[in-house]
**Q** 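Would you mind keeping the following structure in view while I ask a few things?
Atom set for the values below is all heavy atoms of this structure, side chains included, hydrogens, waters and symmetry mates excluded. By convention in this document, chain letters (A, B, ...) are assigned in the order of the sequence lines, proteins followed by strands, and residues within each chain are numbered from 1.
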Amino acid sequence: MSETEVQPRAYRRPVSTWWWLEKRSYFVFAMRELSSVFVAWFVVFLLMLTYAVGRGDDQYQSFLDWAATPWVVVLNLVTLVFVVLHMVTWFNLTPQATVVRLRGQRVPAWAIIASQYVGLAVVSAFVIWLVTR
Amino acid sequence: MTKRRVEPILWLLFSAGGVLAAVFLPVLVVLFGLAFPLGWVTPPSHDHLHAVLGHPLTALFLFGLFALCLAHWAHRFRYTLYDGLQLKGSKGLITVLCYGGAVLGSVVSAVVLATVV
Amino acid sequence: MTVSHDVLLVGGGGAGLRAAIAIAEANPRLRVAVVSKVYPMRSHTVSAEGGAAGAIAADDSLDEHAYDTVSGSDWLCDQDAVEAFVDEAPRELLQLEHWGCPWSREPDGHVAVRAFGGMKKMRTWFAADKTGFHMLHTLFQTSLKYDEVVRYDEWFVTKLLVDDGRVHGVVAVDLMTGRVETITAKAVILCTGGCGKVFPFTTNASISTGDGMALAYRAGAPLKDMEFVQYHPTGLPFTGILITEAARAEGGWMLNKDGYRYLQDYDLGTPSPTPVLRSMELGPRDRLSQAFVHEVEKGRVTDSPWGPIVHLDLRHLGQQLIDTKLPFVRELCLKYENIDPVTELIPVRPVVHYMMGGVHTDIDGATPIGGLYAAGEVACVSINGANRLGSNSLPECLVFGARAGRAAAEYAATAGDPPAAIEAQAADEVRRLERDLLHKTDGHEQVSVIREEMQQTVEDSAGIFRTGEALAKGVDTLRELQQRFGHVAVADTSRTFNTELVAALELENMLDVAECIVQSGLWREESRGAHQRTDFPARDDERYLAHSLIHRNPDESSRLDSLPVTITRWPPGERTYGK
Amino acid sequence: MADSIRLQVSRYRPEEGSAPTLQEYDVPLRKEWSVLDGLNYVKDHLDSTLSYRWSCRMGICGSCGMSVNGTPELTCGTFLADLAPGPVRVEPMRNFPVVRDLVVDIGDFMDKLPRVKPWIIRDDEPEPDGEYLQTPEELDEYKQFSMCINCMLCYSACPVYGLDPDFIGPAAIALAERYDLDSRDRGARERLDVLIEHEGVWGCTFVGECTTVCPKHVDPAGAIQRYKLKAAKESVKAFLLPRGAR
Ligand SMILES: Cc1cc2nc3c(=O)[nH]c(=O)nc-3n(C[C@H](O)[C@H](O)[C@H](O)COP(=O)(O)OP(=O)(O)OC[C@H]3O[C@@H](n4cnc5c(N)ncnc54)[C@H](O)[C@@H]3O)c2cc1C
Ligand code: SF4
Ligand code: F3S
Ligand code: FES
């Protein structure tokens, strides 16, 4: 039990709404969190694609045309940047969040990170093979 | 005795979505967001794509991917609004909008995916 | 405002927290409180590095630990206290293990022990080289479990309330608010730690200002063996940051400017590549620090901006050992000296480290004042005599903290309520603080100036080697400084966290403690352990196989007398190392 | 190297009621001087009314945390020479109420700490005569998390704590993890009940700054994520398994 009492006169520095601009690391954090919006957007995009495919070749082609309009392309470029940001930060944080053990030995962080990139490569190759086959 | 709490479950869904988004989205964005529309790579034929999407396994997987990615978004975005914009006052509303959006999106996903199968 | 408790701990370091837990366990009905001028986990115990001694190894025995301690003390300790100490130390260290202290381990899961200076067996328990840190945090965190232990964090005790030979509480300043409060208690235990800051160059933290010694002394309790101040042979030259003795115990060498292991020239044995117990670098601290001075006289040391230095060589130990057993040493060297001990020599010089003397207590921590106890570095039980062995202090805090706690709990259970007279005393103290310090308008002396002069005076008169002449001169200078302190000005008039007021109060305490050190040094006309008089170079058991006791007279002058040493089983002999 | 460096020190006196102001002092620039040495120089030679906490000057007591040029640092381990030519802005740690000059109130942490029960919980059996055996590997499991000096730099770096003072915060959670991972402890269940609350681990959005600024490499961010995983596993069990089987 502590007998310290909070002084009513103590000064509390207000937190600014723009706190995440105060430091580079906070900004990166804010961008990382913002990446989720682009994740959601791309789910919507893929749903629209699926819907179009379900409605026949014409719809599919016009979806592709729509997807080639400048603002959609720009949006998806930005999406790519954010998705990559998400990927990199996620992979980097994994070793901090989990402890993996192999035969009693703690697997070093770099190995965990590297193995995720291997997984990424395999998955990407498979997806490319599946859709362009 | 652990009380039944939703927060851990939401976090698990968020994490699962995070992993899937990190592993699957980059290649999908490159292919469907850029390469195919811009013609860097010839887009797959409608028949082929329809066949792939129409396979029950693909559909099932895509449903999981979409639903979890949306859950990931909902959870992260909720905290971004709380902390980033300090919208503490409207906590309840934000929660409903975010997770509600994710649930709605998942239902839509199921319906849309069902149309191709 | 007045609050009251049954037992009050002044100090939340190793000794204080151990005592608090002992009381809570002995009698959960007692209202225990810990007053500390810093948050408990910031107490100076946190800096202890090397380890804590307790005989547990199969080839070790309590008698051997006792003998090493007695001979290390140059036969000036009380052997009954030492016997109790060595007997209870392992139990206390085990208790800490049960409370979660992360002791370093053997591969089979048993607690590991290491060698230490002046010890004939490996018996020093360690938690890498952050032993004090881990012990203190373990104690602090464990103490949180006891709801009955109330804490007054960042309260500075300025006075003991004593009436009719018995203590009834303290007056303290709550630093956050500046309020002066009376805390009454049936028993008070002083656990305020050491007083290294009376010297200019010390391993001690800034809070080690001998407050408890001064409080007790002014309240009428005598201080014992104050002339015995330990210099540690290996401090970093500028900061005085300690490079633990464990560095030598793990095999480090002391080299002079020629790269020569000079300790072999001072009766400390012959060099061997691997450490030999009670020999060379594993000799006792007094001897090693004295050897340094002789090397200076012979001109075999290196000059640095901070005075002469020698080197500690760990390079041959290899990175693996340094990183597992001495990681903090490496961290400190990299940070504060910009050198890497894996590949470079560490510059070191002797530095004031520990106070063997302190408030006179019996084996249960009781002082001559009823209800007043003392434990830890502030107290002199005594197990350290003329020279403490490294790693005996941390277990001393535990053993005698617990003993004092139990004794005080027993005392408090029967003691009555404080008499009305102490109200007046408390009011006087409030007035003194207000008038003499906070609201004095005519002061012109500066705390930092007097402090610096005091530190230099004590170093010049009561350093590693002393003479009657220098000590006498020191006494005079200190008297003058005490006079000048009467004119000190506290420029800060704020009530909130007034650290200048704290500095002034600490200086006042240090001036008293400094005087006791120098006076006692003047009194002891012999050389023993850490007290080396060049005008009396030999040990004189005829006259001085006795503790010094310094009392304060009502007129604020001091008076010295002596107390025989208790000898049970080890008659005085010659101190030999390296044999 | 110039021979002096300017410190811009935040001053606040509650009696005066207004917001903190910066006061400038020129102190000698010496190779081995830390920011703390600079402050001590100010206190001893320029302005005795400056208030701040310090004690060990060797990075172990955890008293001297301040914001140096906007970053939470132990001032005894941050060197003026590395900040030359200055000026060096020294302010109280963020996210805590400022009591006076560079002194903040950490009472909130002190109140939270006991809530995570940072002690060995094992009340089922009497203590053994000897020690609990613990192999060096078992020690390594929690060692890192036992290195926390309670310096509060992590709290002052964590934006979530700044926004939501109810959040238990990095160091307290790291300490809970320290005991959970200790092979001698059986209290994980009890601590879980505290940390599974909203103010427990869930407030943390893994900003990670706590780990970046931690001078003792405790990695509270890692501790919190691991705790989330543990809490999530337990919750799933609670959902799936019937009461008796847990
Ligand atoms: C660098 C260093 C390394 C050491 N290494 C070892 C080692 O390896 N092994 C070993 O055995 N010993 C070692 N020692 C010695 C040992 O650490 C100390 O003797 C011991 O920690 C003292 O503990 P304590 O409980 O008596 O006092 P401290 O830990 O100093 O605690 C004193 C307490 O009293 C409080 N206090 C003081 N004055 C007041 C006041 N006026 N009002 C209110 N509260 C007050 C303080 O706030 C503090 O809580 C080392 C010492 C140093 C300096
Ligand atoms: S976790 Fe690190 S930064 Fe936080 S209080 Fe502990 S030591 Fe300081
Ligand atoms: S900075 Fe804060 S948000 Fe979490 S990872 Fe650290 S506690
Ligand atoms: S003064 Fe102790 S950590 Fe800096």
**Q** Non-hydrogen atoms of chain C under 4.5 Å away: do they reach the side chain of D:Tyr142, the backbone, both or neither?
**A**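 Looking at D:Tyr142, just its side chain touches chain C.
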**Q** Using non-hydrogen atoms and a 4.5 Å limit, figure out which bit of D:Glu131 sits close to chain C: side chain, backbone, both or neither.
**A**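 Looking at D:Glu131, backbone and side chain both touch chain C.
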**Q** Does any heavy atom of chain D fall under 4.5 Å from the side chain of C:Ile241, the backbone, both, or neither of them?
**A**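 Interface part for C:Ile241: both.
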**Q** Would you mind telling me which of D:Arg178, D:Arg191, D:Arg122 makes a salt bridge (charged side-chain N to carboxylate O under 4.0 Å, His left out) with D:Asp185?
**A**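 Answer after filtering D:Arg178, D:Arg191, D:Arg122: D:Arg191.
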**Q** Of the backbone (N, CA, C, O) and the side chain (C-beta and beyond), which part of D:Asp182 lies under 4.5 Å from a heavy atom of chain C, both, or neither?
**A**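 The answer is the side chain of D:Asp182.
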**Q** Do D:Asn150 and C:Tyr39 have side-chain atoms, one donor and one acceptor, less than 3.5 Å apart?
**A**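 No pair is found: no donor N or O on one side chain lies under 3.5 Å from an acceptor on the other.
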**Q** Using heavy-atom distances under 4.5 Å, tell me whether D:Asp37 contacts chain C through its side chain, its backbone, both, or neither.
**A**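 The side chain, not the backbone.
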**Q** Which atoms of D:Arg100 come close to chain C, meaning under 4.5 Å heavy atom to heavy atom: side chain ones, backbone ones, both, or neither?
**A**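 Answer is side chain: those atoms of D:Arg100 sit under 4.5 Å from chain C.
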**Q** With a 4.5 angstrom heavy-atom cut-off, which part of C:Arg495 approaches chain D: side chain, backbone, both or neither?
**A**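 Both the backbone and the side chain of C:Arg495 come within 4.5 Å of chain D.
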**Q** Side chain, backbone, both or neither: which part of C:Glu106 has a non-hydrogen atom closer than 4.5 Å to chain D?
**A**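 For C:Glu106, backbone heavy atoms alone lie under 4.5 Å from chain D.
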**Q** Specify which of C:His44, C:Gln446, C:Lys335, C:Arg451 makes the most heavy-atom pairs with chain D at under 4.5 Å.
**A**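 Heavy-atom pair counts peak at C:Lys335.
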**Q** Heavy-atom cut-off 4.5 Å, strictly under: side chain, backbone, both or neither for D:Ile121 against chain C?
**A**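 Contact with chain C involves no heavy atom of D:Ile121 at all.
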**Q** If we ignore hydrogens and angles and just use 3.5 Å, is the side chain of D:Lys216 paired with the main-chain N or O of D:Gly59 as donor and acceptor?
**A**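 Yes, D:Lys216 side chain to D:Gly59 backbone: donor-acceptor pair under 3.5 Å.
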**Q** Looking at chain C, which one of D:Lys117, D:Arg13, D:Arg53 has the largest number of heavy-atom pairs inside 4.5 Å, strictly under?
**A**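 Greatest number of close heavy-atom pairs with chain C: D:Arg53.
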**Q** Given that the side chain runs from C-beta out, which part of C:Ile207 has a heavy atom under 4.5 Å from chain D: side chain, backbone, both or neither?
**A**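 The answer is both parts of C:Ile207.
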**Q** At a 4.5 Å cut-off on heavy atoms, which part of C:Phe497 comes close to chain D: side chain, backbone, both, or neither?
**A**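 Both the backbone and the side chain of C:Phe497 come within 4.5 Å of chain D.
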**Q** Could you look at C:Thr209 and say if it's the side chain, the backbone, both or neither that has a heavy atom under 4.5 Å from chain D?
**A**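 Neither part.
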**Q** I need the residue from D:Ser63, D:Gly77, D:Ser55, D:Pro118 with the largest number of non-hydrogen atom pairs under 4.5 Å to chain C.
**A**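 That would be D:Ser55.
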**Q** Chain D heavy atoms under 4.5 Å from C:His98: which part of the residue, side chain, backbone, both or neither?
**A**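 Answer is both: backbone and side chain atoms of C:His98 are under 4.5 Å from chain D.
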**Q** Which region of C:Val38, side chain (C-beta onward) or backbone (N, CA, C, O), has a non-hydrogen atom less than 4.5 Å from a non-hydrogen atom of chain D, or is it both or neither?
**A**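 C:Val38 has no heavy atom closer than 4.5 Å to chain D.
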**Q** Run D:Gln23 and D:Tyr25 through side chain to side chain donor-acceptor pair (under 3.5 Å) and show every step you take.
**A** CA-CA 7 Å; D:Gln23 190 164 343; D:Tyr25 303 99; 3.2 Å; yes
**Q** What part of C:Asn204 lies closer than 4.5 angstrom to a heavy atom of chain D: side chain, backbone, both or neither?
**A**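 Only the backbone of C:Asn204 comes within 4.5 Å of chain D.
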**Q** Using only heavy-atom distances, determine whether the side chains of C:Tyr146 and C:Glu25 contain a donor-acceptor pair under 3.5 Å.
**A**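 Indeed, the side chains of C:Tyr146 and C:Glu25 share at least one donor-acceptor pair under 3.5 Å.
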**Q** Counting only non-hydrogen atoms closer than 4.5 Å, does D:Cys148 touch chain C with its backbone (N, CA, C, O), its side chain (CB onward), both, or neither?
**A**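 Just its backbone gets close to chain C.
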